[in-house]
Novice: 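First, the structure itself, so that you have it in front of you.
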Amino acid sequence: MIRRPFVTHGPEPLPTPRERQAIRRRLLGWYDRNARDLPWRRRADDPYAQWVAEIMLQQTQVDTVIPYYDRFLARFPDVNKLARATNDQLMRQWEGLGYYRRAANLHRAAKLIAAAGGQVPASAESLLALPGVGRYTAGAIASIAYDERAAAVDGNVARVLSRLFNITAEVSSPDTQRRLWAVAESLLPAKRCGDFNQAWMDLGATVCTPVGPRCERCPLASVCLAHQHGDPASLPRKTPARDVLEIHHVVAVIGHKDTYLLNRRPPGGLWGNLWEFPNRPIARPRDRLAGLRSMLSELGMPTRDTVRDAGTLDHRLTHRLMHFHTHVIDAAQPRRATAKPAGVRWVKSAQIEEFPMSTACRKILAIARR
DNA sequence: AACTCGGGGAT
DNA sequence: ATCCCAGAGTT
């Protein structure tokens with residue numbers, strides 16, 4: 001029988017003070033030797049820069065974020081500049097990064113901060129009040145930018161801790177999340193909490209990886225319960241992903257001379273606030289011409305213009321496989337705003353790059369121009 | 001507790 | 001193909 005190295009405190013096994021000290025020393029020592037050189041770490045004393053980084057990093061890998069981050073900070077170097085930007089200017093910088101509500105919330109929060117004097121809130125509790133800032137993000141910013149003793153449990157930390165303590169319960173359940181946060185808080189050192197939190201993330205990203213963890217390189221292997229008498233690679237346990245829903249849309253790329261008809265999507269929901277070519281869902285591919293006709297009619301467009309089938313653009317999201325059946329229409333006589341729905345406008349071809357669009361819509365534009 | 005919300009990297 | 005990513009907000 002293997003000795004239980006941890007005392008039980010309520011339902012969650014909290015490490016003993018001796019174990020906590022060992023973990024802190026080993027993890028921080030490892031971080032001092034192995035920390036990744038990342039753009040936001042060069043401006044750790046700038047709460048605004050840290051805030052932007054944490055929002056971009058939500059559900060987004062580091063290597064994907066870096067180019068966006070550099071461009072964004074160059075374009076909006078402080079919170080007041082961000083607050084004064086237009087929605088389109090901001091969304092254009094965010095284009096391609098996904099989860100566009102993050103950008104909307106960032107803009108809302110920047111305006112709130114600018115109106116209140118321009119100081120980014122300086123505690124986890126006050127950060128939590130900002131739109132788009134949850135428990136993780138508040139703890140990350142507070143610990144990194146303000147050296148507050150706050151935990152920050154993201155996907156990396158949850159994976160490392162579930163292995164370290166061999167937590168086999170479903171990781172996303174409220175009970176498991178509560179246990180993970182309690183353990184993370186119990187492990188926080190007195191100082192360097194920002195480095196400590198980031199050390200978990202670096203360890204999770206480079207050593208304690210989802211597939212094929214490199215336990216032989218892990219500074220915590222000797223105190224890791226899953227490594228000693230479990231199966232690290234099988235943790236954390238997750239519920240199976242749902243089926244991917246397959247859906248179809250008909251798209252009308254309507255051109256007149258060198259202008260296109262664009263539509264601004266409503267805020268909230270998929271691709272909120274982004275521009276797009278008029279489109280609508282259809283039940284199946286063979287409904288596309290009927291869908292196209294009724295769509296043109298509602299746009300106030302003549303229905304007997306030349307229509308060219310530009311093919312289908314397939315676009316995969318996490319839980320959806322979308323097929324955009326694209327048609328190019330040469331509008332002979334576009335009508336004036338009389339019958340045009342709100343949010344619809346003509347945009348010059350040369351200016352279309354300035355209008356924020358989804359990655360799918362950019363691809364649709366590319367096949368329409370062929 | 002279950003959904004929604006993107007797009008891409010890694011394997 | 002599949003998993004998952006420095007999660008938050010809504011229902």
Side-chain angles (χ1 to χ4, degrees), chain A residues 36 38-41 44 50-69 91 94-106 108-109 127-145 150-160 170-177 180-181 184 194 196-206 208-213 233-245 265 267-274 314-322 356-363:
Chain A
R36 292 175 289 179
L38 302 174
W40 42 93
R41 289 185 179 166
Q50 210 53 229
W51 171 42
V52 171
E54 289 302 337
I55 300 300
M56 284 191 172
L57 286 160
Q58 287 169 4
Q59 291 295 289
T60 311
Q61 294 184 355
V62 164
D63 288 340
T64 302
V65 164
I66 288 175
Y68 283 87
Y69 181 79
M91 298 308 287
W94 207 271
E95 181 181 310
L97 205 49
Y99 285 144
Y100 297 93
R101 191 176 55 181
R102 293 183 295 175
N105 283 336
L106 191 66
R108 270 210 296 152
L127 285 162
L128 199 51
L130 296 175
V133 176
R135 190 177 181 185
Y136 161 77
T137 304
I141 299 171
S143 64
I144 296 167
V153 178
D154 71 334
N156 284 308
V157 181
R159 181 173 59 254
V160 177
E170 214 287 310
V171 67
S172 69
S173 76
D175 180 62
T176 306
Q177 285 293 308
L180 290 169
W181 278 91
F196 190 71
N197 286 334
Q198 293 182 91
W200 289 120
M201 300 177 205
D202 279 21
L203 190 69
T206 63
C208 196
T209 48
V211 178
S234 73
L235 297 176
R237 217 188 88 204
K238 299 195 172 184
T239 54
R242 286 173 298 146
D243 290 343
V244 174
L245 195 61
R265 295 177 63 89
L270 185 64
W271 296 320
N273 284 333
L274 297 186
D314 301 325
H315 190 72
R316 179 178 295 279
L317 280 60
T318 300
H319 296 300
R320 266 183 252 187
L321 177 54
M322 308 181 76
M357 303 171 71
S358 69
T359 297
C361 207
R362 288 283 175 218
K363 292 177 179 171

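From a predicted model like this one, the values you see are computed outputs, not experimental measurements. A, B, ... follow the sequence lines: proteins, then strands. Residue 1 opens every chain. Any value given below was found using the heavy atoms of this structure, including those in side chains, with hydrogens, waters and symmetry copies removed.
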Novice: Using heavy-atom distances to pick each residue's nearest nucleotide on DNA chain B, tell me which of A/Gly98 and A/Gln61 is more 5'.
Specialist: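 Its nearest nucleotide lies further toward 5', so the answer is A/Gly98.
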Novice: Taking for each residue the nucleotide of DNA chain C bearing the nearest heavy atom, is the 5' side occupied by A/Met201 or by A/Arg108?
Specialist: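 Counting from the 5' end, the first nearest nucleotide belongs to A/Met201.
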Novice: Both A/Val211 and A/Thr318 contact DNA chain B. Taking the nearest nucleotide for each, which residue is further toward the 5' end?
Specialist: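 It is A/Thr318 whose nearest nucleotide is closer to the 5' end.
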Novice: So what does A/Trp94 touch, heavy atoms closer than 4.0 Å: a base, only the sugar-phosphate, or nothing?
Specialist: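 No contact.
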Novice: Does A/Arg101 have a side-chain nitrogen or oxygen under 4.0 Å from the phosphate oxygens OP1 or OP2 of C/dG7?
Specialist: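 For A/Arg101, the contact criterion (side-chain N or O under 4.0 Å from OP1 or OP2 of C/dG7) is not met.
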Novice: Give A/Gly269 one of three labels, base, sugar-phosphate or nothing, depending on what nucleic acid heavy atoms sit under 4.0 Å from its own.
Specialist: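 Answer is sugar-phosphate: A/Gly269 comes under 4.0 Å of backbone atoms only.
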Novice: Taking the side chain as every heavy atom from C-beta outward, state whether A/Ile66 and A/Trp40 have any atom pair closer than 4.5 Å.
Specialist: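 A/Ile66 reaches A/Trp40 side chain to side chain.
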Novice: What's A/Trp200 touching, base or sugar-phosphate or nothing? Going by heavy atoms closer than 4.0 Å.
Specialist: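 Touches nothing.
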Novice: When the C1' atoms of B/dC3 and C/dA6 are considered, how many whole Å apart are they?
Specialist: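 B/dC3 and C/dA6 have their C1' atoms separated by 22 Å.
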Novice: Pick base, sugar-phosphate or nothing for A/Arg242, based on heavy-atom distances below 4.0 Å to the nucleic acid.
Specialist: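 Touches a base.
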Novice: Between A/Ala158 and A/Val171, which heavy-atom pair has the shortest distance, and what is it?
Specialist: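 So the minimum-distance heavy-atom pair works out to CB-CG2, 4.2 Å.
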Novice: If you look at every strand shown and take non-hydrogen atoms under 4.0 Å, does A/Thr359 touch a base, only sugar-phosphate, or nothing?
Specialist: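 If one applies the 4.0 Å heavy-atom cut-off, A/Thr359 turns out to touch the sugar-phosphate alone, with no base involved.
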Novice: Answer yes or no: does a side-chain N or O of A/Gln59 lie under 4.0 Å from OP1 or OP2 of C/dG7?
Specialist: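 So the side-chain polar atoms of A/Gln59 do come within 4.0 Å of the phosphate oxygens OP1 or OP2 of C/dG7, strictly under.
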Novice: What does A/Ser173 touch in the nucleic acid at a heavy-atom separation under 4.0 angstrom: a base, only the sugar-phosphate, or nothing?
Specialist: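 No contact at all - A/Ser173 keeps every heavy atom at 4.0 Å or more from the nucleic acid.
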Novice: Would a 4.5 Å heavy-atom cut-off, applied to side chains only, mark A/Met56 and A/Leu106 as touching?
Specialist: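 No. Closest side-chain heavy atoms not under 4.5 Å.
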Novice: Would you say A/Trp94 and A/Ile55 make side-chain contact, with heavy atoms under 4.5 Å?
Specialist: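 They are in contact (side-chain heavy atoms under 4.5 Å apart), so the answer is yes.
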Novice: Below 4.0 angstrom from OP1 or OP2 of B/dT4, is there any side-chain N or O of A/Tyr99?
Specialist: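 For A/Tyr99, the contact criterion (side-chain N or O under 4.0 Å from OP1 or OP2 of B/dT4) is not met.
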Novice: When you measure from the side-chain N and O atoms of A/Lys238 to the phosphate of C/dT2, is any distance below 4.0 Å, counting only OP1 and OP2?
Specialist: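 Result: no.
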Novice: Give one of base, sugar-phosphate or nothing for A/Ile55, where a contact means two heavy atoms less than 4.0 Å apart.
Specialist: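 Counting heavy atoms under 4.0 Å across all strands, no contact is made by A/Ile55.
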Novice: Would you state whether a donor and an acceptor, one from the side chain of A/Thr137 and one from the base of C/dG7, lie under 3.5 Å apart?
Specialist: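 Side chain to base: no pair present.
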Novice: Once you apply a heavy-atom cut-off of 4.0 Å, does A/Thr64 come out as touching a base, just sugar-phosphate, or nothing?
Specialist: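 Contact class for A/Thr64: sugar-phosphate only.
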Novice: Would you mind classifying the nucleic acid contact of A/Leu38 as base, sugar-phosphate or nothing, using non-hydrogen atoms under 4.0 angstrom?
Specialist: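 Touches a base.
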Novice: In whole angstrom, give me the gap between the C1' atoms of C/dC5 and B/dG6.
Specialist: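 Approximately 12 Å lies between the C1' atom of C/dC5 and that of B/dG6.
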Novice: If you look at every strand shown and take non-hydrogen atoms under 4.0 Å, does A/Gly96 touch a base, only sugar-phosphate, or nothing?
Specialist: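 The answer is sugar-phosphate, as A/Gly96 gets under 4.0 Å only of primed atoms, P, OP1 or OP2.
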Novice: Of A/Arg36 and A/Asn105, whose closest DNA chain C nucleotide lies nearer the 5' terminus?
Specialist: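 Final value for this comparison: A/Arg36.
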Novice: Taking only side-chain N and O atoms of A/His315, does any of them lie within less than 4.0 angstrom of OP1 or OP2 on B/dG7?
Specialist: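 Yes, A/His315 has a side-chain N/O under 4.0 Å of OP1/OP2 on B/dG7.
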Novice: Could you walk me through whether A/Thr60 and A/Arg102 satisfy the side chain to side chain donor-acceptor pair (under 3.5 Å) test, starting with their C-alpha distance in whole Å, then the side-chain angles of each, then the deciding distance to 0.1 Å, before giving a yes or no?
Specialist: CA-CA 12 Å; A/Thr60 311; A/Arg102 293 183 295 175; 3.1 Å; yes
Novice: Identify whether any heavy atom of A/Val62 sits under 4.0 Å from a base atom; if not, whether one sits that close to sugar-phosphate; answer base, sugar-phosphate or nothing.
Specialist: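 It contacts base atoms.
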